[in-house]
Amino acid sequence: MLGAFRHAVHAAGHSWAGFRHLVATELAARIEIFLGILALVWFLAIGRSIAEILGLLMLFCILMSVEALNTAVERIVDRVSPERTEFGRVAKDLGSTAVFFMLSASAFYIFALSADSFGLIAF
C-alpha cells in the first residue's frame, strides 16, 4: 500500500512538472488558462448551474490535456527531425488540429449556454 502511495506522489510530481513546463513555454497554454478562468467567471456571473460549470471545467481539463500532448508531439518531432520535413509539418499540423477542435468544442459549449442564459435559444 505504501508503495502505491509513493508511486502516486511521484506521478503527481511529474504531472506538476509537466504543467509548469507547459505554462512556462507555451503562450497558447497561458492564453487558454486565462480564457478558461474568464469563462468560469462568466458562467458564475450569468448563474449557470453547478453541473454546467463542472462541464466547463471538464472541457478545460481535456483542452489542457490536448495542449500538453500537442506540445509533447512538437518536442518529439523537433528532436527526431530537427530539419524541416514533411513528416514534421504534418505531425505538428495534426497536433494543432486536435487543439483547434477542443477549442471549438469549448467555444460551442460556452456560446450555447450563454445564449440560453439570455433567452436566445432554449435547452
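Under the side chain to side chain contact (heavy atoms under 4.5 Å, CB included) criterion, Phe60 pairs with Ile33, Met64, not counting sequence neighbours. Among residues two or more places apart in sequence or in another chain, the salt bridge (Lys or Arg N to Asp or Glu O under 4.0 Å) test is passed with Glu83 by none. Leu103 pairs by the side chain to side chain contact (heavy atoms under 4.5 Å, CB included) definition with Glu32, Leu63, Val99, not counting sequence neighbours. Residues passing the side chain to side chain contact (heavy atoms under 4.5 Å, CB included) test with Ala115 are Leu120, Ile121, sequence neighbours excluded. Listed by chain and residue number, nothing satisfies the side chain to side chain contact (heavy atoms under 4.5 Å, CB included) test with Ser96 (two or more places apart in sequence, or in another chain).
Taking each heavy atom of Ile46 and Ser117 in turn, the nearest pair found is CD1-OG, 3.4 Å. In plain terms, the two heavy atoms of Thr85 and Gly88 that are nearest each other are OG1-N, 3.0 Å. In terms of heavy-atom proximity, Ala29 sits nearest to Leu22 at CB-CG, 3.7 Å.
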**Study point:** Stepwise side chain to side chain contact (heavy atoms under 4.5 Å, CB included) test for Glu67 and Asn70
**Key:** CA-CA 5 Å; Glu67 185 66 56; Asn70 180 47; 3.9 Å; yes

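Within the structure, the side-chain hydrogen bond (donor to acceptor under 3.5 Å, both in side chains) test picks out the following pairs touching residues 33-44 (sequence neighbours left out): Trp42-Ser114. Here ring-ring contact (aromatic ring centres under 6.0 Å, His included) pairs that include residues 12-34, with residues two or more places apart or in two chains, are Trp16-Phe19. Within the structure, the salt bridge (charged side-chain N to carboxylate O under 4.0 Å, His left out) test picks out the following pairs touching residues 9-29 (sequence neighbours left out): Glu26-Arg75. Among residues at least two apart or in separate chains, salt bridge (charged side-chain N to carboxylate O under 4.0 Å, His left out) pairs with a member in residues 90-103 are Asp78-Lys92, Arg89-Asp93.
Under the 4.5 angstrom side-chain criterion for Ile, Leu, Val, Met, Phe, Trp and Tyr, the cluster partners of Phe101 are Phe100. Chaining together hydrophobic side chains whose heavy atoms lie under 4.5 Å apart leaves Met58 on its own.
Tracing side-chain contacts under 4.5 Å through hydrophobic residues (I, L, V, M, F, W, Y), one never reaches Leu38 starting from Phe118; they form parts of separate clusters.
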For residues 105-113, which side-chain donor-acceptor pairs fall under 3.5 Å, sequence neighbours excluded?
from, atom 1, to, atom 2, distance (Å)
Ser106, OG, Met102, O, 3.0
Tyr109, OH, Glu52, O, 2.7

